[in-house]
Enquirer: 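Sharing a structure below in structure tokens format, with a few things to ask.
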There are 2 protein chains.
Amino acid sequence: MSDVTKSCLVQKLSTYISLDSVSQRHLARLEEKEQMLDKAEIVNTIGTTTDALYVVKTGWLYAYADLADGRRQILRLYHPGDVIGFPDIAFHHATATVRAVEATCLCPFPKTHLDSIFRESPRLTALLFTLAVRDQVIFMDLMKAMGRMSARERIGYLLLDLISRLRITNTTMTDTFRLPLSQTEIGDMLGLTNVYVSKTFRQLEQDEYLERDGIKVRLLREGDLIEMTDFYNRYVDMDVSWFPGQAG
Amino acid sequence: MSDVTKSCLVQKLSTYISLDSVSQRHLARLEEKEQMLDKAEIVNTIGTTTDALYVVKTGWLYAYADLADGRRQILRLYHPGDVIGFPDIAFHHATATVRAVEATCLCPFPKTHLDSIFRESPRLTALLFTLAVRDQVIFMDLMKAMGRMSARERIGYLLLDLISRLRITNTTMTDTFRLPLSQTEIGDMLGLTNVYVSKTFRQLEQDEYLERDGIKVRLLREGDLIEMTDFYNRYVDMDVSWFPGQAG
DNA sequence: CGTTTGCTTGAAGTAGGTCAATGTGAGTGG
DNA sequence: CCACTCACATTGACCTACTTCAAGCAAACG
């Protein structure tokens with residue numbers, strides 16, 4: 001049982017619903033194997049075929065796509081307890097390249113493990129489905145930021161999103177968190193240049209929205225940031241009331 | 001049976017997998033009722049609670065979010081055969097406002113109908129899950145466009161996405177389609193102003209990428225547009241090979 | 001200890017925004 | 001059938017948020 005309780009995946013999913021033993025057994029199968037990655041190492045390349053998904057055990061990663069002329073868009077970030085590769089189960093070829101931000105530990109598992117979850121655990125299925133559509137909502141929030149917000153607002157939005165995600169599993173976290181992304185990477189997430197990210201960060205610092213200390217960021221006026229960016233925390237407040245009941 | 005074959009939902013889903021009679025019966029339940037909407041009428045407002053989802057029978061609609069100062073982002077478009085409201089099943093409150101682009105017919109159904117699909121039809125569940133993650137991929141494609149592409153590229157991307165979606169159900173369509181969106185709405189989808197949308201459209205016309213005739217658009221050099229925008233058609237090429245088999 | 005990677009800062013350029021005027025077709029009431 | 005309105009498209013002049021280019025610096029790293 002200690003193995004199960006150590007799993008970030010189980011820990012993350014448990015914050016939403018209680019997991020019966022059948023569900024826990026299904027989830028445990030997803031973390032049977034381990035694979036270590038160095039900083040900047042690539043998990044899977046866009047356009048290649050792959051049968052594997054991954055549970056993130058430690059470290060941050062991101063999925064991105066390149067344009068022909070070198071422009072790059074980072075599409076999503078993965079933290080411990082997240083599953084990499086759901087989008088790819090819908091297609092024959094990987095739709096994005098995934099790269100490790102830092103040294104990382106992953107647990108690969110085959111697509112077919114999902115199949116058995118769909119057949120045997122309606123409750124877990126409902127949760128996975130709900131998380132998939134919740135991710136859609138989070139993408140739409142981000143689209144609102146990218147389409148209609150200034151650089152300052154976008155960066156504020158990103159910081160709020162990050163701290164909210166980290167709080168899912170780290171309930172003791174207050175206003176400070178580790179941000180292991182370079183400013184070029186932040187720009188590639190938000191559609192900005194590294195130069196302007198730097199300038200905007202300095203401004204936010206000067207206006208006392210935040211403090212930085214190396215890789216650490218401290219949000220000084222989170223409430224003001226929330227108001228500035230019209231931020232809504234999608235990581236709490238999920239509706240699980242309609243889920244099918246627990247299996248025996 | 002003629003009722004079932006007339007359903008855009010069944011028609012759309014049938015292009016991906018064969019639907020057994022159990023699945024068809026489940027889907028038929030989603031279109032038992034009908035509701036008409038006028039142009040510009042609102043389906044549900046952001047922040048309100050709702051128990052209903054909707055199958056689109058005829059007409060276009062869109063979901064959007066407003067910022068405090070009047071800026072607006074259109075988040076997604078709905079066409080006949082699409083389901084409105086999946087994102088909302090994850091939350092207690094609606095995450096966006098949905099409005100009819102033109103006169104529209106919807107079929108409302110309660111969340112609980114999904115529950116029974118999850119329990120009784122693993123194959124349909126797998127399809128719905130796959131469509132949800134496919135939508136994620138489409139959002140990420142759009143994010144790439146919004147984050148890293150010029151106005152010209154973004155508009156090209158939108159036109160390609162639209163024509164590809166329309167081709168799912170209208171297999172005879174060639175290079176011309178009806179575009180009932182105003183330039184303000186197109187701008188609100190792509191993070192541009194109506195003024196610049198107008199200027200960019202004129203340029204695209206002048207460079208002979210397209211022709212316009214009132215509400216109709218004709219793509220003259222679709223291949224060049226695809227290359228320009230690095231477009232990948234996500235509406236074909238889905239992987240359904242891993243789905244659970246058909247029920248009896 | 002040289003090299004690389006990332007952050008900062010400034011100067012100059014540009015894609016797209018803002019503002020404002022004009023045109024135009026679709027509806028609507030008389 | 002006409003006059004009026006209204007929503008939408010177009011166009012031009014001007015503006016600015018962000019980019020590009022370039023240089024200098026600090027920290028990490030082999």
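Computed from a predicted model, the values in this text were never measured in an experiment. Note on naming: letters A, B, ... go to the chains in the order of the sequence lines (proteins, then strands), and numbering restarts at 1 for each one.
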Enquirer: Measuring to OP1 and OP2 of C:dT5, would you say a side-chain N or O of A:Q183 lies under 4.0 angstrom away?
Expert: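 No.
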
Enquirer: Which of residues 199-222 of chain A have a heavy atom under 4.0 Å from DNA chain C?
Expert: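 Under 4.0 Å from DNA chain C: A:K199, A:R202, A:R212.
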
Enquirer: Inspect the surroundings of CD in B:E227 and state if more than 12 heavy atoms from other residues, nucleotides or ligands are less than 6.0 Å away.
Expert: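 At most 12 heavy atoms, drawn from other residues, nucleotides or ligands, come within 6.0 Å of this atom.
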
Enquirer: Using a 6.0 Å distance limit plus a 45 degree cone around the ring axis, check whether B:R76 lies over the aromatic ring of B:F139.
Expert: no

Enquirer: Using atom types as modelled and distance alone, determine if a side-chain donor or acceptor of A:Q136 lies under 3.5 Å from a backbone N or O of B:A132.
Expert: yes

Enquirer: When you measure from the side chain of B:K12 to the backbone N and O of B:P80, does any donor-acceptor pair fall under 3.5 Å?
Expert: yes

Enquirer: Tell me what B:G191 touches on the nucleic acid: a base, only sugar-phosphate, or nothing, going by heavy atoms under 4.0 Å.
Expert: sugar-phosphate

Enquirer: Between residues 68-79 of chain B and DNA chain C, which residues have a heavy-atom gap below 4.0 Å?
Expert: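 Within this stretch, nothing sits under 4.0 Å of the strand.
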
Enquirer: With respect to the phosphate group of C:dT8, does any side-chain polar atom (N or O) of A:S198 fall under 4.0 Å of OP1 or OP2?
Expert: yes

Enquirer: From CD1 of A:I155 over to C1' of D:dC18, roughly how many Å is that when rounded to an integer?
Expert: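 It is 12 Å, rounded to the nearest whole Å.
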
Enquirer: Looking at A:Y235, is A:R167 sitting on its ring face, NZ or CZ under 6.0 Å from the six-membered ring centre and within 45 degrees of the normal?
Expert: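 Not flagged: A:R167 not positioned over aromatic ring of A:Y235.
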
Enquirer: A:D188 has an atom CG; how far is it from atom C1' of D:dC18, in whole Å?
Expert: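 The distance from CG of A:D188 to C1' of D:dC18 comes to 15 Å, rounded to the nearest Å.
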
Enquirer: Atom CG of B:L190 and atom C1' of C:dG17: how far apart are they, to the nearest Å?
Expert: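 It is 15 Å, rounded to the nearest whole Å.
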
Enquirer: Rounded to the nearest Å, what distance is computed from the CD atom of residue A:E102 to the C1' atom of nucleotide C:dT5?
Expert: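 Rounding to the nearest Å, CD of A:E102 and C1' of C:dT5 are 17 Å apart.
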
Enquirer: Please walk me through it: do B:E185 and B:R99 pass salt bridge (charged side-chain N to carboxylate O under 4.0 Å, His left out)?
Expert: CA-CA 12 Å; B:E185 287 166 334; B:R99 179 206 298 256; 5.9 Å; no

Enquirer: Taking atom P of C:dA15 as reference, at what distance in whole Å does atom CZ of B:R152 sit?
Expert: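 Answer to the nearest Å: 11 Å.
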
Enquirer: Have B:D188 and B:Y62 got a donor and an acceptor in their side chains that come within less than 3.5 Å?
Expert: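 On atom types as modelled, these side chains do not qualify, holding no pair under 3.5 Å.
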
Enquirer: If I take atom CE in residue A:M149 and atom P in nucleotide D:dA17, what distance separates them, rounded to the nearest angstrom?
Expert: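 It works out to 17 Å between those atoms.
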
Enquirer: Go nucleotide by nucleotide along DNA chain D from the 5' end; which of A:L192 and B:E185 gets its closest nucleotide reached first?
Expert: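 Residue closer to the 5' terminus by nearest nucleotide: B:E185.
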
Enquirer: If you draw a 6.0 Å radius around CD in A:E208, do more than 12 non-hydrogen atoms from other residues or ligands fall strictly inside?
Expert: no

Enquirer: 5'-most contact on DNA chain C: B:Y196 or A:Y196, nearest heavy atom basis?
Expert: A:Y196

Enquirer: Nearest to the side chain of A:V195, which nucleotide is it out of C:dC7, D:dA22, D:dC8?
Expert: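 Nearest nucleotide to the side chain: D:dA22.
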
Enquirer: Write down the distance between CG (B:L181) and P (D:dA7), rounded to a whole number of angstrom.
Expert: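 To the nearest whole Å, that distance equals 18 Å.
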
Enquirer: Over how many whole Å does the gap from A:K39 atom NZ to D:dA27 atom C1' extend?
Expert: 12 Å

Enquirer: More than 12 heavy atoms of other residues, nucleotides or ligands under 6.0 Å from CG of A:D69: yes or no?
Expert: yes

Enquirer: Tell me whether the OP1 or OP2 atom of C:dG16 has a side-chain N or O from B:T193 closer than 4.0 Å.
Expert: no

